[in-house]
Amino acid sequence: MAKSISLTRYLVEQQRVDGLIPAQLRLLLEVVARACKSISHSVNKGALGEVLGSAGSENVQGEIQKKLDIIANEVLIEANEWGGHLAAMASEEMDEIYQVPNRYPRGEYLLLFDPLDGSSNIDVNVSIGTIFSVLVKPEGVDVSEQDFLQAGHQQVAAGYCVYGPQTTLVLTVGHGVAMFTLDREQGSFMLTQEHVRIPEDTQEFAINMSNMRHWDAPTKRYIDECLQGREGPRGKDFNMRWIASMVADVHRILTRGGVFMYPWDKREPGKPGKLRLMYEANPMAWLVEQAGGAATNGRQRILDIAPEQLHQRVSVVLGSKNEVERVTQYYAQATSA
Ligand code: AHG
Ligand code: MN
Ligand code: MN
């Protein structure tokens, strides 16, 4: 019988056998996983747990917060603040960074998260998730927002947990991507896939087509060519999926390939895109690259973007390498034309 490996054992072995992660980072990842387990339980209770619906407040992005956005945010903070592994946290749901209170020891890591991704799907029982990114705090006693403004290639761990038909935690510490499925009887995440690879080619794209009239020329060109199918310049038919939870769309892409796009559009020309760089695009871009895929903002590798603000937004094209490169080429051609 194949040996079953829990997340705990996987992380211990990463630390001990391979020396890939320090003990503090192992602890941090275990704590994040425990928080995700707790969020998963709340998600599963749904209406029975009175966790559905709006909280009646707005976050820093001007979006109405759902009850679960706030619950998930609190679960992550409460789980992570006392362990001594973190200096501070940042979240989509908090305007400012959250410093570990003085009553607890402070560690060297910074944790960023989108506590609940896919909020519009909560009340309709469609997959949602939690996305997280881990950075090392720069030298110095105090921690400030500036300390968080590190490019994505400086992440030391990143992952997400998708709450769908199964609850699956997906993780990278820079040596490939591993997936763990929550075994509810045992209460443990169990390793269910290692060495995740995204096929370089795909016939499946994910984009919110209702925004088509607002797109710029390179995105229009790419999607239009996909839609022309076998009769068009691509010479093959494409399928489309759009779950409206980035976690679920990225999970599909890590599982069977595809390309995901949330481009800049003309509705709010001053806004670089909808998704947030630090706790949505960066962790997902790193996971995708670690699985052999690519991630750009149309012009530049996402992981190389120098962040200027904690909550800054970015255009996203990620997934199967050859398709992402094609989109990125279309942008380059449009600029040089
Ligand atoms: P969040 O729920 O954290 O605000 O993120 C939602 C994001 C992302 O998960 C998804 O891909 C996208 O918004 C969906 O946007 P549309 O509703 O415009 O399709
Ligand atoms: Mn999100
Ligand atoms: Mn969110």
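Remember, it's 1-based here, ligands and their atoms both numbered in the order they're listed.
- Environment of NZ in Lys321: sparse, with no more than 12 heavy atoms of neighbouring residues, nucleotides or ligands closer than 6.0 Å.
- In terms of protein heavy atoms, atom 6 (C) of ligand 1 is closest to Asp117 OD1, 3.9 Å.
- You'll find the side chain of Ile207 reaches within 4.5 Å of the side chain of Pro263, heavy atoms only.
- When only modelled atom types and interatomic distance are considered, Tyr330 and Glu225 share a side-chain donor-acceptor pair under 3.5 Å.
- Counting only distances under 2.8 Å, and ignoring water, the protein N, O or S atoms around the Mn ion (ligand 2) are Asp114 OD2, Asp117 OD1, Glu280 OE2.
- Shown in contact with Trp242 at under 4.0 Å from a heavy atom are these atoms of ligand 1, numbered in order with element: 11 (O), 14 (C), 19 (O).
- Ring centroids of Phe260 and Trp242 are separated by less than 6.0 Å, placing the two rings close together.
- For the pair Phe132/Leu171, a side-chain contact is recorded, criterion being any heavy-atom separation below 4.5 Å from C-beta on.
- Neither the backbone nor the side chain of Gln61 comes within contact range of ligand 1; no heavy atom lies under 4.0 Å.
- When the heavy atoms of Phe260, Tyr279, Tyr262 are ranked by distance to atom 18 (O) of ligand 1, first place goes to Tyr262.
- Scanning all protein heavy atoms for the shortest distance to atom 11 (O) of ligand 1 gives Met246 N, 3.4 Å.
- The side-chain heavy atoms of Gln312 and Pro272, taken from C-beta on, include no pair separated by under 4.5 Å.
- For ligand 1, the atoms closer than 4.0 angstrom to any heavy atom of Arg276 are 1 (P), 3 (O), 4 (O), 5 (O).
- Atoms of ligand 1 found under 4.0 Å from any heavy atom of Asn208, numbered from 1 in the order shown, are 16 (P), 18 (O), 19 (O).
- A donor and an acceptor atom, one from each side chain of Gln61 and Glu92, are nowhere located under 3.5 Å apart.
- A heavy-atom distance below 4.5 Å is not found between the side chains of Ile253 and Val259.
- A heavy-atom separation below 4.0 Å is found between Gly118 and ligand 1.
- Other residues, nucleotides and ligands contribute at most 12 non-hydrogen atoms within 6.0 Å of the NZ atom of Lys45.
- Against a heavy-atom cut-off of under 4.0 Å, Ser119 is close to the following atoms of ligand 1: 2 (O).
- Under a 4.0 Å criterion applied to the non-hydrogen atoms of Glu280, ligand 1 contributes the atoms 3 (O), 5 (O).
- Counting heavy atoms from C-beta outward, Leu7 and Met190 have side chains that stay 4.5 Å or more apart.
- With ligand atoms numbered from 1 in the order given, ligand 1 contributes 9 (O) to contacts under 4.0 Å with heavy atoms of Ser245.
- Note: Ser42 OG to Glu50 CD = 12.5 Å, rounded to the nearest 0.5 Å.
- Here is the list of ligand 1 atoms found below 4.0 Å of a heavy atom in Lys274: 12 (C), 13 (O), 14 (C), 15 (O), 16 (P), 17 (O), 18 (O).
- Heavy atoms of Asp114 found under 4.0 angstrom from ligand 1 belong exclusively to the side chain.
- Contacts with ligand 1 closer than 4.0 Å are made by side-chain heavy atoms of Leu275 only, the backbone lying farther away.
- The closest side-chain heavy-atom distance from Thr167 to Arg184 is below 4.5 Å.
- Under 3.5 Å, the side chains of Tyr331 and Thr219 contain a donor-acceptor pair of N or O atoms.
- Close contacts of ligand 1 with Leu116, meaning ligand atoms under 4.0 Å from a residue heavy atom, involve 2 (O), 3 (O).
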